[in-house]
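Okay, structure first, notes after.
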Amino acid sequence: MCGMPQQPPIRSTPTRPRRLDASMSLLTNVMDHSLDDGYAEAAARKKAAGEGGMPKTLRSKLGLAAGLVLAALVVTVGAAQARVAAPVVAKEREELVDRIDRESETADQLEDSVDRLREDVSARQREALKHSGGSADSDLVGILSGASAVHGPGVKLMVNDAKEADGGGEGGPRETSGFSDTGRVRDRDMQRVVNGLWESGAEAVSINGQRLTALSAIRAAGDAILVDNKPLVPPYTVLAVGDGQRLSTRFQNSADGLYLNALQEGYGVRTAISVEDDLRLPAAPSVTVRTAQPSTEKNEKGTS
């Protein structure tokens with residue numbers, strides 16, 4: 001047996017004792033590594049940056065200070081520009097006000113000149129009518145054409161907007177936007193009033209001192225009523241020369257008088273009519289005839 005090789009002894013490997021929590025390896029791993037490696041590295045870098053760099057609070061304070069400085073700079077620059085531009089704006093405004101004043105003064109002078117020329121034309125027309133024929137005929141022509149001032153008995157008719165138009169706003173009744181148009185006197189209303197007076201026998205009519213002629217026009221410009229292009233302000237006072245009592249009765253019973261009464265009852269338009277013993281109406285500013293020509297016997301024979 002001495003010559004037979006001997007087999008190496010078999011060494012037994014010691015067995016490691018088994019952990020009691022081997023069956024809970026996943027839970028144990030989570031407990032041992034509760035912070036993910038990525039988060040751990042990020043936290044480490046942030047800590048290193050904090051130690052070697054500027055504290056966060058200091059950076060935020062410096063950023064806020066820089067923003068405040070920039071805002072103050074913008075405000076300062078804007079104020080400086082406003083101070084520089086203020087004298088220029090003030091000068092331009094002053095020049096504009098002066099120009100408006102000069103133009104307004106010029107317009108007033110032109111209006112005065114127009115009024116003087118109208119009076120001169122009216123005077124020349126009246127003088128021409130006196131020398132055109134008999135005195136009675138020339139006076140009648142002057143009265144009917146409106147070229148002569150007249151006086152005599154007649155009626156006085158007052159027409160005004162409804163009361164709501166007076167207190168509907170801070171401005172005048174024409175500036176009140178919330179008030180219904182039906183409560184305001186319109187140009188068509190005054191047209192019917194004047195036509196009704198003529199039809200009822202009026203021989204001369206005026207509105208707020210403006211004498212009406214055969215060529216007169218009553219129109220509207222916005223909310224204003226114009227008589228021969230001159231604006232009128234309510235209340236509207238209509239004077240009509242004629243047989244006072246008869247004229248008043250016939251007008252109130254006419255279709256136009258009933259129309260005015262309907263405006264009063266339905267929309268609050270204020271009216272008042274009275275018979276007067278003596279009314280004075282001025283002459284019309286000017287009467288210009290461009291087309292009509294007097295008809296004579298010679299002209300009639302020539303055209304027949």
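Just so it is clear, the model here is predicted, and its values are computed rather than measured.
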Short side-chain to backbone donor-acceptor contact, Gln191 and Ile218, under 3.5 Å: yes

Distance (rounded to the nearest 0.5 Å) between Ile100 CD1 and Glu105 CD: 14.0 Å

Closest non-hydrogen atom pair, Gly183 against Val269: O-CG2, 4.0 Å

Pairs touching residues 271-283 that satisfy side-chain hydrogen bond (donor to acceptor under 3.5 Å, both in side chains), sequence neighbours left out: His151-Asp278, Gln264-Thr271, Ser274-Glu276

Val238 vs Met190 side-chain heavy atoms within contact, under 4.5 Å: yes

Counterpart residues, salt bridge (charged side-chain N to carboxylate O under 4.0 Å, His left out), relative to Asp256 (two or more places apart): Arg192

Reference residue Tyr236; test side chain to side chain contact (heavy atoms under 4.5 Å, CB included); the match among Val227, Asn160, Ile225: Ile225

Heavy-atom pair of closest approach, residues Ala162 and Tyr267: CB-O, 3.6 Å

4.5 Å side-chain heavy-atom contact, Leu260 and Ile273: no

Hphob cluster co-occupancy, Ile207 + Tyr259, side-chain heavy atoms under 4.5 angstrom: yes

Side chain to side chain donor-acceptor pair (under 3.5 Å) involving Glu203 - partner list, sequence neighbours excluded: none

Heavy-atom pair with the smallest gap, counting every atom of Ala149 and Ala283: N-CB, 3.7 Å

Asp228 side chain vs Ala217 backbone, donor-acceptor pair below 3.5 Å: yes

Validation row: Leu263, Val159 side chains within 4.5 angstrom (heavy atoms): no

Neighbour count above 12 (heavy atom, 6.0 Å) for Glu95 CD: yes

Whether Arg211 side chain and Pro282 backbone form a donor-acceptor pair below 3.5 Å: yes

Gly244 backbone acceptor or donor facing Ser248 side chain under 3.5 Å: no

Backbone N/O of Gln109 and side chain of Ser113: donor-acceptor pair under 3.5 Å: no

Over all atoms of both residues, closest heavy-atom pair of Thr213 and Ala284: CG2-CB, 3.6 Å

Test item: Ser200 side-chain N/O and Leu197 main-chain N/O as donor-acceptor pair under 3.5 Å: no

Spacing of Leu73 atom CG and Leu68 atom CG [to the nearest 0.5 Å]: 12.5 Å

